Structures are given as structure tokens and as C-alpha cells.
Protein chains: 2
Amino acid sequence: MLTDTEKKIMNSARAEFEQKGFNGARLQAIADAAGISKPSLHYYFRSKENLFQKIFDEALDEYMPIVNTWKNDSLTWEQKIVSFTQELVKYVQNGHMLFIIREINRNPDLLEDRIKKGKGTNSFVTYFEEMVQQDEIQQTDSRILFIMVHSICSFPVLNSQMFQKSLKLSEKKYNELMEDYAKVVADLIINAIKK
Amino acid sequence: MLTDTEKKIMNSARAEFEQKGFNGARLQAIADAAGISKPSLHYYFRSKENLFQKIFDEALDEYMPIVNTWKNDSLTWEQKIVSFTQELVKYVQNGHMLFIIREINRNPDLLEDRIKKGKGTNSFVTYFEEMVQQDEIQQTDSRILFIMVHSICSFPVLNSQMFQKSLKLSEKKYNELMEDYAKVVADLIINAIKK
DNA sequence: AATTGGTTTGACCATATGGTCAGACCGCAA
DNA sequence: TTGCGGTCTGACCATATGGTCAAACCAATT
């Protein structure tokens, strides 16, 4: 269990690391935001590296907890796709996607270490494999579908700044467009793979 | 025109900044890689900030020089999509996409400044607008199509590490899959928007 | 009141890093 | 040869930053 102080530290550390990245993050800033002194940081978490590991691990743990959609047998495959895309977009919007990608790129060992530690990347590959078996779906490589759906849902959030400028939209307008996007895109995907 | 030394510096600076990010990059490392001394860096480029700006601007300039596809009138719209997706995937693979996204996220002013400086983000929005007019295409929001196509092509490259682990593929196998991906995905997009 | 164990911090250290400066180096024109 | 403009660098500086340590603080126990 985490003490009160540890929670405060984790919270401000998460904010700092996510916004600035490992290299940009400052322990002093984390300490200040948590309302404690720098030595206290080291008292609870040995080092910057160690604190970062905790935050990063946590981010990967929380990566996509959207399993309900797939387990719900009363949904048709079309409904599952609609629900999944919407949930995924929503998830990425509040999530740690860019943080994870950025830091993995900085240091690929982060993923390797984690896999060695047992915790795999909990993916939804199998769900896609099953879905593609459906009679009404044309023959499709489930892996390609898997990658495509994730891309469609994640990238517009990651790259929002560029898209906003390209389309000359305010942040508000862009977010409005995103709501449409999630719906329209699900239909397009369904349309694309339906026989 | 750039002197020989300036070119060497730009090259090693580009490599360093792209791999480590602004905060992770070290001027000493750039100087070493260029085979010159640190003061020489400051002689040619006033400061780290300034050198970074040059590299970043250049990266944005080179962002997607794939205009030929669209200007080629002998191609059907289907062929254009096929060609465009393949070119785009190829571009992102060698490109600076993650670098750009990472740094914009670190400091959104980077984009703002550039737009104020006149250089817009050269997008392909208009091409999509025109294409969607086609009779054989069902009514589609060109902006959504624009975002979707870019996402499909860019994200698999950015997030390659995660996808590799999720799908339990070696880097080699993943790159092979990517070749299929570019083709298959074009068909899926066409299928999705065709009447 | 005194002791003890866990918690917290001011003061400090070693190192890394961006940046500066006086002077060396070098090709070339006078 | 000399002088000059441009190029280049060793030595140095100021500051930021991760990390340490001895001492203070404090609640609970005896």
C-alpha cells in the first residue's frame, strides 16, 4: 500500500514525466509540486531512474483497460467495432500514449525489461483473430486490421496539433470533429471489411 | 549556402536531436560526431536553441514531399490512394515524424512560431476535398478521411515497437508485414468509401 | 520524561552542461 | 614577409541538477 506522501509524489511525478519526458523532468519540480523536499524524494524512491520506472510501469499497466466490449456476447461484430473505436479514442485522449511511445523510443530497453519481468503487453490481438473468422467478413489479415484500427484511433490524438493547423481548426472545433470521427470511422472500417 | 563544416554539424545535430530529443541532446556529442570542438558549434550556430530551430525547421520543410501522386491526372482516384498510402508509409519510415510530434508536444510554440513566420503546414487537405467530390465515392467528410489516411500510414511506424511485441514479431517480420500493410490498407480504404 | 523508529529537511557535494574568451592557426593578398 | 580576415580550440566559467548526510522533528511506547 502507498502512504499519503508516496501518492502525492507519484501524482506530481507522473505529471512532470509525462509533460517533460525523462530528460526534461526535474526532481526539484516534482518535489515542489508534491509539497515536500528533494531529499524526501530520495527517501521514498531511491533515484530519478527508479521513480521513473514506477511511473512508466504504471502507465503500461493502465494501457487500454477496454475489455468489456469484447466480452459482451450480446453485441454483433459491427457493434463491437463501433464500441471499441469509441472507447479507444476516449482512452487515448486521457491516456499516456505519447508518453509511452516517446520513452520507448528514447530507450527501447524499457519494453524489453518489462517483457523479461513477465508482464507482457496485454493486447487485443486474439479478439481480432476471432472476429475475422466471422462469415460476413471478407478474408482479412487480423494483424493488419489490428494495427489499422489502433492507428486510426490513436494517431489523431497524438498528432492533434498538426492536424489542427493543417485543417485550420481551433482546438474546440477539432475536438468536436473528433466526436464525429469516432463514429464515422467505425462505419468506414465496417464497410471496408464487410463482404 | 552552407559551408562544409556547417553541413557536418547539421548532420550530426540532426542525428542527435532526433534520437535524444532537445533535452537529451548534448552539444559535446554533436561536436564530437562532427569532428570539431564545442566552441566551433557556437561559432556557427549561436546556441543550442538556435541550432535546434534550424534542424526542426528543416524537418518540417521536408515533411511529406509527395505531391506527384496527386498531380498525375492519368491516375484514377483508386490508383491515387494506392500510390499515396505507399508513398506515405515509405516517407514516415525514413522521416522525422516522431521527432516532430515529440518536440511539438514539448513546446507547442514551435508550430505557432512557424505559422507566424509565414510558412504554413503544407498539407494535402485540398486534394482530399477534391477527391471526395468523385461520383463513385459515397459522401464522406474529407477532413475525416484526411486524418484517417494519415493515421493509418503514420502510426504503425511510430508505434512499431509496441506492435512488434503485441504481435510477437521480430523486427524483420514486422517490416515484411508492413509491405503487405501498405497494399492491403489502400484496398480497405477504397472499399470503405466506394459507393 | 526519556527512548525509539520512522519521517523530513537545510546544507552541501560532484558532476555535467551550455556558453565564453583570448589566442592560435591558416590561406591569401599586398 | 607581413598583415588580415575568417576559422578553430584549450581552458575556463556559471549554473543546474541528481544525489548525500547529519541533524531535526514527531508521534507512539515505556
Side-chain angles (χ1 to χ4, degrees), chain A residues 1-59 99 102-110 113, chain B residues 1-59 99 102-110 113:
Chain A
M1 202 42 208
L2 292 181
T3 70
D4 208 51
T5 315
E6 281 171 319
K7 274 185 219 157
K8 275 193 293 182
I9 296 178
M10 286 290 277
N11 285 336
S12 50
R14 195 178 308 114
E16 177 81 0
F17 279 128
E18 294 216 358
Q19 214 237 315
K20 309 278 185 76
F22 178 81
N23 285 313
R26 299 294 160 232
L27 291 187
Q28 190 62 63
I30 294 173
D32 290 349
I36 55 151
S37 70
K38 201 155 53 107
S40 283
L41 276 191
H42 289 84
Y43 176 77
Y44 285 102
F45 305 84
R46 285 194 153 283
S47 65
K48 184 181 185 184
E49 205 87 36
N50 191 53
L51 176 55
F52 173 81
Q53 273 291 347
K54 293 269 192 306
I55 300 291
F56 185 76
D57 256 34
E58 188 195 58
F99 173 60
R102 188 212 295 140
E103 298 304 327
I104 286 179
N105 183 266
R106 177 179 64 87
N107 176 11
D109 290 341
L110 289 172
D113 289 354
Chain B
M1 201 42 206
L2 292 181
T3 71
D4 207 52
T5 316
E6 281 171 319
K7 274 185 219 158
K8 276 193 291 182
I9 296 178
M10 285 290 278
N11 286 336
S12 50
R14 195 178 308 113
E16 177 80 359
F17 279 128
E18 294 215 358
Q19 214 238 315
K20 310 277 184 75
F22 179 82
N23 285 313
R26 298 295 159 229
L27 291 186
Q28 190 63 62
I30 294 173
D32 290 350
I36 55 152
S37 70
K38 202 156 52 108
S40 283
L41 275 191
H42 289 84
Y43 176 77
Y44 285 103
F45 306 84
R46 284 192 155 283
S47 64
K48 184 182 185 183
E49 205 85 37
N50 192 53
L51 176 55
F52 173 81
Q53 273 292 346
K54 292 269 192 307
I55 299 291
F56 185 76
D57 256 34
E58 187 195 60
F99 172 60
R102 188 212 295 141
E103 298 304 327
I104 286 179
N105 184 266
R106 176 179 65 87
N107 176 11
D109 289 342
L110 288 171
D113 289 353

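Proteins come first, then strands; the chains are lettered A, B, ... in the order of their sequence lines, and each starts at number 1. Worth saying up front: this structure is predicted, and the values here are computed from it rather than measured.
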Inset, instruction - Remember a base hit wins even if backbone is also touched, and classify Leu41(A) as base, sugar-phosphate or nothing at under 4.0 Å, heavy atoms. - result: nothing

Inset, instruction - Using the six-membered ring wherever Trp is involved, compare the ring planes of Phe22(B) and Phe52(B) and label them parallel, tilted or perpendicular (cut-offs 30° and 60°). - result: perpendicular

Legend entry - For Thr3(A) against Glu6(A), the heavy-atom pair lying closest together: N-OE1, 2.8 Å

Inset, instruction - Would you mind telling me which of dT8(C), dT7(D), dG18(D) lies closest to the side-chain atoms of Tyr44(B)? - result: dT7(D)

Legend entry - Under-4.0 Å side-chain N/O to phosphate OP1/OP2 contact, Ser40(A) with dT9(C): yes

Inset, instruction - Consider the side chain of Ser47(A), meaning its heavy atoms from C-beta on, and name the nucleotide among dG19(C), dT9(D), dG19(D) that approaches it most closely. - result: dG19(D)

Inset, instruction - Under 4.0 Å between any heavy atoms, over every strand shown, what does Ala29(A) touch: base, sugar-phosphate, or nothing? Just pick one. - result: nothing

Inset, instruction - Can you figure out which of dG19(D), dC8(D), dA11(D) approaches the side chain of Pro39(B) most closely? - result: dA11(D)

Inset, instruction - Specify the separation, in whole Å, of atom CD1 of Ile9(B) and atom P of dT7(D). - result: 11 Å

Inset, instruction - Please determine if a side-chain N or O atom of Thr5(B) lies less than 4.0 Å away from the OP1 or OP2 oxygen of dC8(D). - result: yes

Legend entry - Gap between atoms CZ and P, on Phe52(A) and dG18(D) respectively (whole Å): 14 Å

Inset, instruction - Quickly work out the Lys7(B) NZ to dT7(D) P distance and round it to whole Å. - result: 15 Å

Legend entry - Short side-chain to backbone donor-acceptor contact, Glu16(A) and Leu27(A), under 3.5 Å: no

Legend entry - First of Thr3(B) and Lys38(B) reached from the 5' end of DNA chain D, by closest nucleotide: Thr3(B)

Inset, instruction - To the nearest Å, give me how far apart OH (Tyr43(A)) and P (dG18(D)) are. - result: 22 Å

Inset, instruction - May I ask you to decide if Lys38(A)'s main-chain N or O and Gln28(A)'s side chain share a donor-acceptor pair within less than 3.5 Å? - result: no

Legend entry - Shortest non-hydrogen contact between Leu110(A) and Gln53(A), atoms and distance: CD2-NE2, 3.5 Å

Inset, instruction - Write down the distance between CG (Leu51(A)) and P (dT17(D)), rounded to a whole number of angstrom. - result: 16 Å

Legend entry - Presence of donor-acceptor pair under 3.5 Å, side chain of Lys48(B) and base of dG19(C): no

Legend entry - Whole-Å gap separating P (dG6(D)) and CD1 (Ile36(B)): 19 Å

Inset, instruction - Remember a base hit wins even if backbone is also touched, and classify Ala31(A) as base, sugar-phosphate or nothing at under 4.0 Å, heavy atoms. - result: nothing

Legend entry - Asp4(A) CG - dT7(C) C1' separation (whole Å): 13 Å

Inset, instruction - Ignoring the backbone of Arg26(B), work out which of dT7(C), dC21(D), dT17(C) is nearest its side chain. - result: dT17(C)

Inset, instruction - Grab the CZ-P distance between Phe45(B) and dG18(C) for me, whole Å please. - result: 16 Å

